[in-house]
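Here the structure is laid out as structure tokens; the discussion comes afterwards.
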Amino acid sequence: MSKILVIEDEAAIRRVLVKILSEENDSYQVAEAADGLEGLEKIKNEDFDLVFCDIKMPKMDGVEVLQAVKKLKPEIPMVMISGHGDLDTAVNTMRLGAFDYISKPPDLNRLLNTVRIALDTKVLVVENKMLKKKVSKNYEMIGKSDAIAHIKDMIEKVAPTDARVLITGPNGTGKELVAHWLHQKSERSKGNLVEVNCAAIPAELIESELFGHVKGAFTSAVKDRAGKFEAANGGTLFLDEIGDMSLSAQAKVLRALQENKIQRVGNDKDIKVDVRVIAATNKDLKTEIAEGRFREDLYHRLAVILIQVPSLNDRREDIPLLIEHFSEKISQEHGTAQKTFSKEAIKKLQAYDWTGNIRELRNVVERLIILGEKEISVQDVNLFASK
């Protein structure tokens, strides 16, 4: 059932709208309110899929209702009802977030068409939100240690800004999770998060990968190609393992950060880009600078905010939560019943030296789930997780 609310102080208009909507489709459940205050109260207490709201009403006018609803439940499409003299106001409500407006007396075809489009849009908005939640769960940061709490607090403060962030920490600690959360909690979350593993791309190709190229720029450049900076325009570019980037590519990245412009390889034409850059590395960049392998000016451009991700050995109190999380996820992936770990087995795993960090822990948990008994014991750990 689609729930529709009609907020209209003129009883005759209200009755007409309710009658049209109720008779149009059996699946429409239509409620009514005689003024803005009554309507807003109903919206607070019930879930509606669509709201029709008159603009000129006593107690609280339609513009005020619209602004309140956009703060309370922004996913509800609001269709404003305008009298002949309210057309300018109706158009302005579109800028405030109204889905559409209809004039009095309502045209039947326009009214019903607006209803169908608005309800379809509401479904898409809800589905998109659910999809984003699913995506976010894939990058969940598990742990209650002080170190993880500090990182989460940093993300909450930094994500809404456009400040560049440098994430440091050993391999396998989850630096990419921090990057994903920074993007998803930012105003750029509607744009792309484009990831580049600088260590995985040969030095001679990294510039083409980042900035694109034009046809004929080099032997294998058979056509024009956009780079990662252009792909991330309006969104976020995550440069993983930036400590492995060549000095020549570093110089071009520095220019892109300074001027918000790039040039494709083989072309001197400037292309404007609007990109937030997040970088990560497992290297000590200050040592790399001292030894001439990393540009100091680029470091200072990237390291506006520094987030240090701790090794697993520095957050052992999170290991039980991580084991539970991986056990559930791996069991789902394999289509098997979730296995439990005995207290002794967990203590044994907590005592290990996790040189491979969270990535290594996940591999060990998967091995134990596949090879161990229904409840993973210390004996299972000794047999299948020995280091």
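Keep in mind that the numbers below use all heavy atoms, side chains included, and drop hydrogens, waters and symmetry copies.
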* Asked: Regarding Arg95 and Asn92, is there a side-chain donor-to-acceptor distance under 3.5 Å anywhere?
  -> yes
TODO: Using atom types as modelled and distance alone, determine if a side-chain donor or acceptor of Asn25 lies under 3.5 Å from a backbone N or O of Ser27.
DONE: yes
Does any donor atom in the side chain of Ser377 or Glu344 lie under 3.5 Å from an acceptor atom in the other side chain?
no
TODO: Answer yes or no: is there an ion pair linking Asp274 with Arg188, defined by an N-O contact shorter than 4.0 Å?
DONE: yes
Are the side chain of Thr161 and the backbone N or O of Val158 linked by a donor-acceptor pair below 3.5 Å? yes
For a 4.5 angstrom cut-off between non-hydrogen side-chain atoms, does Leu322 reach Arg315? yes
For Val178 and Ile155, run side chain to side chain contact (heavy atoms under 4.5 Å, CB included): C-alpha distance rounded to whole Å, both residues' side-chain angles, the deciding distance at 0.1 Å, then the answer.
CA-CA 8 Å; Val178 177; Ile155 289 171; 4.1 Å; yes
Is the backbone N or O of Leu361 less than 3.5 Å from a side-chain atom of Tyr352, with the two atoms forming a donor-acceptor pair by type?
no
### Message
Show, in sequence, the C-alpha distance, side-chain angles and deciding distance for Asn260 and Lys272, and conclude whether the side chain to side chain contact (heavy atoms under 4.5 Å, CB included) test is met.
### Response
CA-CA 6 Å; Asn260 295 320; Lys272 286 189 175 182; over 6 Å; no
Practice problem: Kindly assign one of parallel, tilted or perpendicular to the pair Phe229 and Phe211, based on the angle between their ring planes and the thresholds 30° and 60°. | Solution: parallel
Original post:
Would you find a donor on one side and an acceptor on the other, under 3.5 Å apart, between the side chain of Lys215 and the backbone of Asp224?
Top reply: no
side-chain hydrogen bond (donor to acceptor under 3.5 Å, both in side chains) test vs Asn282 passes for just one of Thr168, Asn171, Asp240, Asp244, namely Asn171
| query | In terms of side-chain geometry, is the basic nitrogen of Lys59 or Asp35 positioned less than 4.0 Å from the acidic oxygen of its partner? | reply | yes
In terms of side-chain geometry, is the basic nitrogen of Glu288 or Arg295 positioned less than 4.0 Å from the acidic oxygen of its partner?
no
Taken to the nearest 0.5 Å, the spacing of Cys198 SG from Leu210 CG works out to 6.0 Å
Just checking, any donor-acceptor pair under 3.5 angstrom between side chains of Thr173 and Asn357?
no
Just wondering, do Glu46 and Phe48 contact through their side chains at under 4.5 Å, heavy atoms? yes
Rounded to the nearest 0.5 angstrom, the CE-NE2 distance for Met154 and His150 is 5.0 Å
Checking Gln308 side chain against Ile167 main chain: does a donor-acceptor pair fall under 3.5 Å? no
- Query: Ignoring hydrogens and geometry, is there a side-chain-to-backbone donor-acceptor pair from Asn45 to Glu41 under 3.5 Å?
  - Reply: yes
Result for salt bridge (Lys or Arg N to Asp or Glu O under 4.0 Å) between Glu32 and one of Arg15, Lys42, Arg14, Lys19 points to Arg14
Can Asp380 and Arg367 be counted as an ion pair, charged N to O under 4.0 angstrom? no
